[in-house]
Amino acid sequence: MPRHSNSAPSAANDDTVLDAKPIRTLSPMFPAPSGCTTISSSSAPPLVYVTPYTTFSSGSMPGHPAHFTPGMFPAFANSPTVVPHLATSQSDRASPVTPVPMSVSNGAAHVELNSNGPLHATPLSASFQAPPTMATPLNVVGNSFTSASGRKIKQPLHLSGYSIADSDKEDSDSKRSLRKKPKKTPIRDIVLLPPPQDPREAVEMILMTFDAIRRRVLQMDETKDTGKRPDLRASGLMMSSDMRANKGKRIGPVPGIEIGDIFYFRMELCLVGLHAPSMGGIDYMITTHDNQDDPVAVSVVSAGGYENDDDDVDVLVYSGQGGNSKDDQKLERGNLALERSLHRANHIRVIRGAKDLNVVNGRIYVYDGLYKVHESWVEKGKSGFKVFKYKFIREPGQPDGISVWKMTQKWIENPSSRGRVILPDISSGAENVPVCLVNDVDNEKGPSHFQYTTKVKYLRPISSAKTLQGCTCLSVCLPDDKNCSCADHNGGKLPYSSSGFLICRKRIIYECNACCQCTLNCRNRVTQKGVRLHFEIFRTKDRGWGLRSWDPIRAGTFLCEYTGEVIDEINTNDHGEEDDYIFQTSHVDDKTLKWNYGPELLGEPSTETASEVFKSFPITISAKNMGNISRFMNHSCSPNVFWQPVQHDHCDEGYPHIMFFAIKHIPPMTELTYDYGTSGLVFGRSKKCLCESPKCRGYFG
DNA sequence: GCTCGATCATGATT
DNA sequence: CAATCATGATCGAG
């Protein structure tokens, strides 16, 4: 039961209108009886929400300094042309084919209505008020707003290498010179990628780019004392380039974000429009109601920083902000917004923090869907000061969120608690971690027989003119060691972060080998140590068996190797059936290419062009008769896994190890898929694709 | 040598 | 603007 179907909209996304039935009084906060709430009839207005996919009124979209053209970015040279879908309504623009900046194309303009008339959504610090006409959507993303907000812009890292000839006239010098505030980073120096039409694609691209920059900054900064916080460096660069999705606050679901999505940094939540404050736990917006400002909460992050109990997955008791155990909390800011949300009964997004021991800081954020505040009260905290408490209850009918995470955590602690198990370890102890075989779907008893192997079986002894060479690093290879020949071999830098995440896709990664002086603890030995995650082979609805993980997986994490028999040619069996377990390096998809993006945004020239990096290798592997968990990984045109050639025990560069890594953060229990690619003109070998991706090519293999 | 908490300094956003 | 359920580094305990 994968929760993330590529095509099926979640129940929450259909939720365009807030239900008006919960009626509550404006129960006074002071004094409040501890632990109880007053419910009585009320005239509290229902809050109706219109999805942000309303059309833009002509001219409401401000001029945007960032232009891109298809093909400007190398890897998009053969991508479909970006459709300038606002061109018709933007006929007064200088250029009729100005593509839409990402943050605007995702539809940040929205309006809220209630039975009493329009309820205008106004950003907190917006200095303008839109005319209160019902028909006009209020655009909260205007450039004038963002520029006038006066936020401190950090100069980005050196940006060069690309230029955009087309400079905007709207943001003229005269306009700019009037402003005293620090001006926004000139975006024209950065090439923005075309915003994908699909909101999910847009969100994924933002997160992927963020993490690519973050990893690269981390790698660069390791040798210096300066420059901490790669997450902030990456997000600052992206924010100043307006590379973000779903800008502008909104109530309810965020396009492209699905329940269960996981995040590793608060800034990721900000970049995709899920939760704006970089530290604050409560995000709220000012609405107007009866000509009065009325704050309502839109999202909260429950990261366990306050004294909360978290036993029930559908209930969240959230503490108000402020006080800091040194003072009474006050009914202001977020606390006031939550109180107002109680009465307005609007949906609030909840992002739950959870412990993940695979991560250094041990924290992960899970989007858990929409909740409503059902009660509030005041109690004395441990320090004796007043603390606001808000009881959130999860709206029914939504896909499982944090409950999936809690379930898999239990299984990891005690694998026997996993039900519907056919085989507790399909590898029979060959892998470091047992691999469950399960079937939640039908009565199939398991895949047909094969020999489980963690090693590749070569046709003949691997021959190479060169012999293995090793580094002379003692103990472990260090990032600043100029004498490390292995770092040298990888282009001067160690290819993995200190915690073992791949930093950038390369044609081949060279890990330390048997000839190296360093120990097995060396960070340049990742894939050679084998499987680290809790995988399970599971029965899919309609695609046979598949692979997924109990652990949440961070982008860049090594998953497993494609093992099997190296073969010369693809054989059919006695019955003329094709070998369904072939791996070839024939095709690399867009998303894998994009994985390397980011360093370009840092001003680094692309060192290797796509054609060099992704030139195919002669190796063909069949996992039909023998193999490992990789043989169960299905194809998808929107994959979450890619392959990366790695060398660590021989030098024959035509026959590298094929290692799989996570493209993006992958929630537990999400099916792992990679792009099988197309073997070109081999008719008859193509199979109908069932991946349900909006970008599905329709066939593969 | 580790892991785990507590504490601290430095933060970006609205 | 100042407040904020971040981060990562550092230090000490176990």
Side-chain angles (χ1 to χ4, degrees), chain A residues 122-127 140-141 145-156 181-182 184-185 210 214 217-218 221-222 224-240 242 244 247-249 263-286 295 297-308 310 316-327 329-330 332-338 350-355 357-366 381 387-390 392 475-476 497-499 519 521:
Chain A
T122 311
L124 290 179
S125 51
S127 53
V140 295
V141 199
F145 160 54
T146 47
S147 299
S149 66
R151 127 184 106 76
K152 194 178 78 183
I153 307 278
K154 195 175 172 182
Q155 275 303 105
K181 306 291 170 78
K184 199 163 169 129
T185 305
F210 166 80
R214 202 200 106 253
V217 169
L218 182 69
D221 285 1
E222 273 187 326
K224 295 178 291 188
D225 295 338
T226 65
K228 294 163 186 171
R229 299 295 301 266
D231 56 320
L232 296 184
R233 297 266 299 281
S235 65
L237 190 56
M238 293 187 67
M239 295 288 280
S240 61
D242 228 13
R244 51 194 295 192
K247 200 159 120 185
K249 294 174 190 281
F263 304 87
Y264 287 83
F265 292 93
R266 284 290 298 266
M267 288 310 298
E268 291 179 320
L269 306 179
C270 179
L271 286 170
V272 299
L274 193 57
H275 185 86
S278 60
M279 297 177 80
I282 306 168
D283 193 8
Y284 58 100
M285 67 196 289
I286 306 291
V298 296
S299 61
V300 296
V301 176
S302 172
Y306 290 77
E307 308 149 12
N308 290 317
D310 52 333
L316 171 69
V317 176
Y318 194 87
S319 303
Q321 63 185 184
N324 227 291
S325 300
K326 293 169 197 153
D327 199 2
Q329 291 190 345
K330 297 185 179 60
E332 58 187 22
R333 298 164 173 276
N335 299 344
L336 180 60
L338 285 173
V350 168
I351 300 102
R352 290 192 186 239
K355 278 194 177 138
L357 297 176
N358 293 329
V359 191
V360 179
N361 71 2
R363 180 171 287 171
I364 185 175
Y365 300 97
V366 183
V387 176
F388 288 94
K389 292 285 183 175
Y390 300 90
F392 284 64
S475 181
V476 295
S497 73
S498 58
S499 35
T519 66
N521 291 327

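So that the names make sense, note that chain A is the first sequence line, chain B the second, and so on, each numbered from 1.
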* A:I282 vs A:Y318 side-chain heavy atoms within contact, under 4.5 Å -> yes

In whole angstroms, the gap separating P of B:dA12 from CE of A:M239 amounts to 11 Å

(message) Stacking between B:dT14 and A:Y284, yes or no? Criterion: centroid separation under 5.5 angstrom, plane angle under 30 degrees.
(response) no

Paired runs of 3 or more consecutive Watson-Crick or G-U pairs involving DNA chain B, with both pairing distances under 3.5 Å, are B:2-10 with C:6-14, B:12-14 with C:2-4

note: A:Y264, atom OH; C:dT7, atom P; distance rounded to Å ~ 13 Å

Discussion item. So, OP1 or OP2 of C:dA6: does either fall under 4.0 Å of a side-chain N or O from A:R266?
Written reply: yes

* May I ask you to say whether A:D242 pairs ionically with A:K247, meaning some side-chain N is under 4.0 Å from a carboxylate O? => yes

Result for 5'-nearest mapping on DNA chain B, choosing between A:K355 and A:P277, is A:K355

One should read off an interatomic distance between A:N335 CG and A:Y390 OH, to the nearest 0.5 angstrom, of 4.0 Å

Here the distance between atom C1' of C:dA6 and atom CZ of A:R363, to the nearest Å, is 8 Å

In whole angstroms, the gap separating P of B:dT14 from NZ of A:K249 amounts to 7 Å

**Asked** Any side-chain heavy-atom pair from A:R244 and A:M238 closer than 4.5 angstrom?
**Response** no

In whole angstroms, the gap separating P of B:dT14 from CD of A:E332 amounts to 20 Å

In whole angstroms, the gap separating P of C:dA6 from CG of A:D283 amounts to 13 Å

Separation of B:dA12 atom C1' from A:F265 atom CZ, nearest Å, is 15 Å

Exercise. Does any non-hydrogen side-chain atom of A:C270 lie less than 4.5 Å from one of A:H275?
Worked result: no

dist A:K249:NZ -> A:I286:CD1 (nearest 0.5 Å) comes out at 9.5 Å

On DNA chain C, more 5' by nearest nucleotide between A:R333 and A:M279 is A:R333

I want to check something: taking the side chain as every heavy atom from C-beta on, are A:V300 and A:L338 in contact at a cut-off of under 4.5 Å? yes

Taken to the nearest whole Å, CZ/A:R233 to P/B:dA12 is 11 Å

Checking C:dT4, B:dT14, C:dA6 against the side chain of A:Q321 (C-beta onward), the nearest is C:dT4

The nucleotide from B:dT13, C:dA6, C:dC5 with an atom nearest the side chain of A:S319 is C:dC5

